[in-house]
Amino acid sequence: MKKYITTPIYYTNGAPHIGHAYTTILADVFKKFEQMKGNDVFFSTGTDEHGQKNQHTCEAAGLPIDVFLEKQSGLFQAVFDRMGIDYDYFVRTSGEPHKEVVRSILTDLYDRGMIIKKSYEGLYCEGCEQFKKESDLDENGLCPDHKKAPKLILEENYFFRLEPYREWLREYIQLHPDWIKPQNYAKEVLKMLEEPLDDLCISRPKSRVWLGIELPFDKDFVTYIWFDALINYISTLKFGSNPDFNSYWANSYHLLAKDILKPHCIYWPIMLKAIGIEPVGKCIVHGYWIGEGGVKMSKSLGNVVDPNEVIDMMGVEPLRFYLINAMSISSDSPISISLLKQGYKQLANALGNLQMRVIKMVDKNLQGEIPSDVSLLAEDMEVLESVSKSFADVYKKDIDLETAIELSDCIMQACNKLNMYFANNEPWGLVKDETKMERFKQVVYTTLDALRLIATAIYPLMPNVAHSILKSLSADNEKLTAEFNPKALGVGKVIVPDPLFPYLG
RNA sequence: CGCGGGGUAGAGCAGUCCGGUAGCUUGCCAGGCUCAUAACCUGGAGGUCGUGAGGUUCAAAUCCCACCCCCGCAACCA
């Protein structure tokens, strides 16, 4: 089956932060998860390179626009590459293939009378370069940021009407309870849809914003950034010319943070409907990463977690694991260096140490030979079967925040279970008694085989760790799949590995 | 009274829909073990479950009511 996974395209005005890293890692985890189930996954990410803020930052930097955008977009590509993100396509909205699709959609909607020109009157603050609502102003009617009175100006613009589709969208959401996940966000969108929707202004006069896609039917305007950016999801799939478009789109997943719920769950489905495409398969919404103690991350507080610094300290994969495991489904989640270290230590102790203790034991006492032809006791089989089953159950689920968290949880549980099993059976005692060698081999085999299952299950979260463990078990020769069969470890020799998670100090 | 989410041991969370001895990870203390990465196993201390000498109930973290605090959305700023 074909599947399509997208991240939002990131605004190039700033540098990549932990939130960008999270959404993109989540998408990468989902891709690998689906690939293990045998699905053909197309994963896209990219950068959003238009709009007023980019324009300003570029002007302040004194760079030619293409140089500026290349540089900013490169920051995102660099960190994603460093994190080993296996994206299939990196879209840049400044690229011609994307612009062409946007223009053809605009032309089509305009020709069909769905885009209309009208005048807009509002209070405009020249400092903010934005229209203000009365409620945005302070008690004296001044802009709170610039302490200046906004001007009443009249401006012509192009608008796309949302209201005719409001009822349809409400019904769609009610009929598809899994369309927006977690469901509390669906509830929030339904609330937004209780009131009539204003027309969406989809143009900006070039006198204010020049960095954008020129309207094909009026050269004095560029396209509003959201109208442009959302279309990346279909321009990436080469809408209009790709014969596989429908099969990817039918199983598509948009990942997004909660701040961009409205564009993705109101503007976008309505735009799609108007274009003649069914809504995206599923929207997976997540919260924010905040500082420890629930305070917002800020440079002045010194609690900003920079993905590059974390990677320097502990490597990519512990960061991946932490981000997946620690994000709460229904609320924002804290992150800090000390919390990350805590997560790292858990991996080192429960998983890294488990691998090392059993492998060194086999290396020393069995000349590294993995025991073959062992007939396990019922209690051994129970361990392997319960671990297999917990993994198989998770892999049956559709991708979701819950699924990702559950996967990471059940891996930790399996590690804990194995450490306990190992300790209870005291193989270091068995090996000293000739008459107990058979039992020794059973215990060791069970632990090694469980480790193989854990390594397989952990692949989407920590691909290199998965391969390292399998390699140490001489089991790295097959393609990883979501099949978890107990007692399937082949013959061979173990290889004593370097520690997966060295002591951090 | 705009909308949504959250407030449970020092920290991070689960439990709340379907009321019934308050759980998990981490940190701290003690013991054990010794195969292993300052690891592993066992036990312990630590909580008036935001507030209300509120309501319902034999019984409330969980259901109802009121209030307080934090976060996000309330826009032509992603």
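Scope of the values below: all heavy atoms of this structure, side chains included, with no hydrogens, waters or symmetry mates. Numbered from 1 within each chain, the chains take letters A, B, ... in sequence-line order.
Residue A/Lys187 places at least one side-chain N or O under 4.0 Å from the OP1 or OP2 atom of B/rG5. A/Lys432 has a side-chain polar atom (N or O) that falls below the 4.0 Å cut-off from OP1 or OP2 of B/rC35. Applying the 4.0 Å criterion to OP1 and OP2 of B/rG12, one finds that A/Tyr322 has every side-chain N and O outside that range. OP1 or OP2 of B/rA78 has not a single side-chain nitrogen or oxygen of A/Lys262 nearer than 4.0 Å. Side-chain nitrogen and oxygen atoms of A/Lys191 include none within less than 4.0 Å of the OP1 or OP2 phosphate oxygen of B/rC73.
The listed nucleotides are B/rC41, B/rU37, B/rC3; the one nearest the side chain of A/Ala348 is B/rU37. When distances run from any side-chain atom of A/Asn349 to the nucleotides B/rC40, B/rU37, B/rC13, the shortest one goes to B/rC40. Of the listed nucleotides (B/rA78, B/rG4, B/rU37), B/rU37 has the atom at the smallest distance from the side chain of A/Tyr503. Considering only the side chain of A/Trp428, B/rU34 comes nearest among B/rU34, B/rG6, B/rA38. Side-chain proximity of A/Tyr288 to the nucleotides B/rU25, B/rC13, B/rC73 is greatest for B/rC73. Here the nucleotide nearest the side chain of A/Leu500, chosen from B/rA11, B/rU37, B/rG5, is B/rU37.
No engagement by A/Lys341 is indicated, since no non-hydrogen atom pair under 4.0 Å with the nucleic acid exists. Across all strands shown, A/Ile225 has heavy atoms under 4.0 Å from sugar-phosphate atoms exclusively, and none from any base. Heavy atoms of A/Ser328 sit under 4.0 angstrom from primed sugar atoms or phosphate atoms, though from no base atom. Looking at heavy-atom distances under 4.0 Å, A/Tyr10 makes no contact with the nucleic acid at all. A/Tyr185 comes within contact range of no nucleotide atom at all, as no heavy-atom separation falls under 4.0 Å.
Of the residues A/Thr57, A/Thr47, A/Asn54, the one that meets the side chain to side chain donor-acceptor pair (under 3.5 Å) test with A/Thr12 is A/Asn54. None of A/Ile202, A/Leu200, A/Leu197 except one satisfies the side chain to side chain contact (heavy atoms under 4.5 Å, CB included) rule with A/Tyr267; the exception is A/Leu200.
Comparing the same atom, C1', in B/rG44 and in B/rC67 gives a spacing of 39 Å after rounding to whole Å. Spacing between B/rG6 and B/rC13 at atom P, rounded to whole Å, works out to 13 Å. Distance noted for atom P between B/rG52 and B/rU8: 15 Å (whole Å). On the C1' atoms, B/rG50 is 15 Å away from B/rC71, given to the nearest whole Å.
Position along RNA chain B of the nearest nucleotide to A/Glu426 versus A/Ser330 favours A/Ser330 as the more 5'-ward residue. Where A/Ser338 and A/Met356 meet RNA chain B, the nucleotide closest to each residue was compared, and A/Ser338 sits on the side nearer the 5' end.
For A/Tyr22 and A/Trp289, the distance between ring centers is under 6.0 angstrom.
Judged by distance alone with a 3.5 Å cut-off, no donor-acceptor contact links the side chain of A/Arg357 to the base of B/rC40.
Across all strands shown, B/rG4 pairs with B/rC71; the Watson-Crick or G-U wobble distances both stay below 3.5 Å. Both distances falling under 3.5 Å, in either a Watson-Crick or a G-U wobble arrangement, occur for no nucleotide opposite B/rC35.
Classified by interplanar angle (parallel below 30°, tilted 30° to 60°, perpendicular above 60°), the ring pair A/Phe160/A/Phe227 is perpendicular.
With rounding to whole Å, A/Phe501 atom CZ is found 11 Å from B/rU37 atom C1'. Rounded to an integer number of Å, the gap from CD1 of A/Ile329 to C1' of B/rG12 is 15 Å.
A donor-acceptor contact closer than 3.5 angstrom is absent between the side chains of A/Thr7 and A/Tyr87.
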